[in-house]
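In each ligand, atom 1 is the first atom listed, and ligand 1 is the first ligand listed. What you see below is based on every heavy atom in this structure, not just the backbone, and it leaves out hydrogens, waters and symmetry mates.
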Amino acid sequence: MADRPALALARAALKPVLDFALPPRCPGCGAITGEPHRFCFDCWSELEFLGDPCCSCCGLPFGFGPGGEEHCGACLADPPAFDRMRAAVAYADIPRKVALKLKYGGRPGVAETIARFVERHLTAGQDAVLTPVPLHRWRIWKRGYNQAALIATALSRRSGVEAKVDLLDRIKATPPLRGMNPSQRRDAVRGAFRVAPSHKQAVRGMAIILVDDVYTSGATADACARVLKRAGAARVDVLCWARVVKEE
Ligand SMILES: [Zn+2]
Ligand SMILES: [Zn+2]
């Protein structure tokens with residue numbers, strides 16, 4: 001049981017070699033493409049890339065308007081514990097398929113694809129530290145890896161910003177948040193995270209970039225940022241692959 005994550009890591013390390021031998025495929029639909037980590041034309045044209053103008057805190061796109069330092073109504077009414085959240089694309093069919101391939105499809109190479117798209121939002125200094133939203137230990141045993149840790153590691157490789165994948169612990173297994181309203185989500189993740197005891201001292205004064213695959217209501221990112229700030233983190237930014245722009 002205990003060596004499952006190690007096995008998964010070994011598999012993840014082998015994967016680039018296996019990928020190399022196969023023709024590169026579109027991370028969205030699986031069509032053969034000319035180059036690795038490239039979407040085919042159809043999938044590419046469906047992606048909605050996020051950027052300015054948006055809420056300077058949570059990254060919610062503004063249809064028009066100044067962007068800059070503006071905050072959206074939700075962030076003004078109830079400021080999140082994180083300083084800045086950015087995602088590469090709006091959550092929709094193709095980004096969902098990509099996230100599922102990474103999460104359940106045994107395709108850790110997708111983390112590299114995601115890192116390429118998320119990297120442009122990485123504005124923190126080189127002294128910042130990348131860390132993933134943690135999974136509960138049971139889930140890691142079941143799945144073999146934490147998809148957010150794979151993205152954080154791939155981002156670290158590309159950017160040179162250090163990754164510490166075990167800064168946070170998930171001490172409570174949380175139910176799937178799908179279908180819950182924002183306050184139910186907040187209740188569900190309350191008390192779910194803590195700073196790993198071995199990193200408590202190091203977090204003080206640290207600029208942290210929290211990495212996750214999908215940002216839905218922000219409850220999870222907020223809960224993680226809250227414990228990091230409470231432990232003395234100077235700044236917490238959040239980077240995600242896809243952000244829900246309209247709640248389903
Ligand atoms: Zn495609
Ligand atoms: Zn906002």
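Around atom CZ of Arg137, no more than 12 heavy atoms belonging to other residues, nucleotides or ligands sit under 6.0 Å away. Atom NZ of Lys200 sits in a sparse spot, with 12 or fewer heavy atoms from other residues, nucleotides or ligands closer than 6.0 Å. By the 6.0 Å contact criterion, CZ on Arg139 is open, its count of non-hydrogen atoms from other residues, nucleotides or ligands being 12 or less.
Here the Zn ion (ligand 2) has protein N, O or S atoms under 2.8 Å from it, and they come to 4. Around the Zn ion (ligand 1), protein N, O or S atoms at less than 2.8 Å number 4.
In this structure, Leu100 is not a member of the same hydrophobic cluster as Val133, with clusters built from ILVMFWY side-chain heavy atoms closer than 4.5 Å. Linking Ile, Leu, Val, Met, Phe, Trp and Tyr whenever their side-chain heavy atoms come within less than 4.5 Å puts Phe49 and Leu239 in one cluster.
Closest heavy-atom contact between Cys72 and Cys55: N-SG, 3.2 Å.
Residue pairs meeting the side-chain hydrogen bond (donor to acceptor under 3.5 Å, both in side chains) criterion with at least one partner in residues 29-38, sequence neighbours excluded, are Glu35-Arg38, His37-Thr113.
For Phe193, the ring-ring contact (aromatic ring centres under 6.0 Å, His included) test picks out no residue, with sequence neighbours left out.
From Leu228, atom CG reaches atom CZ of Arg235 across 13.5 Å, with rounding to the nearest 0.5 Å.
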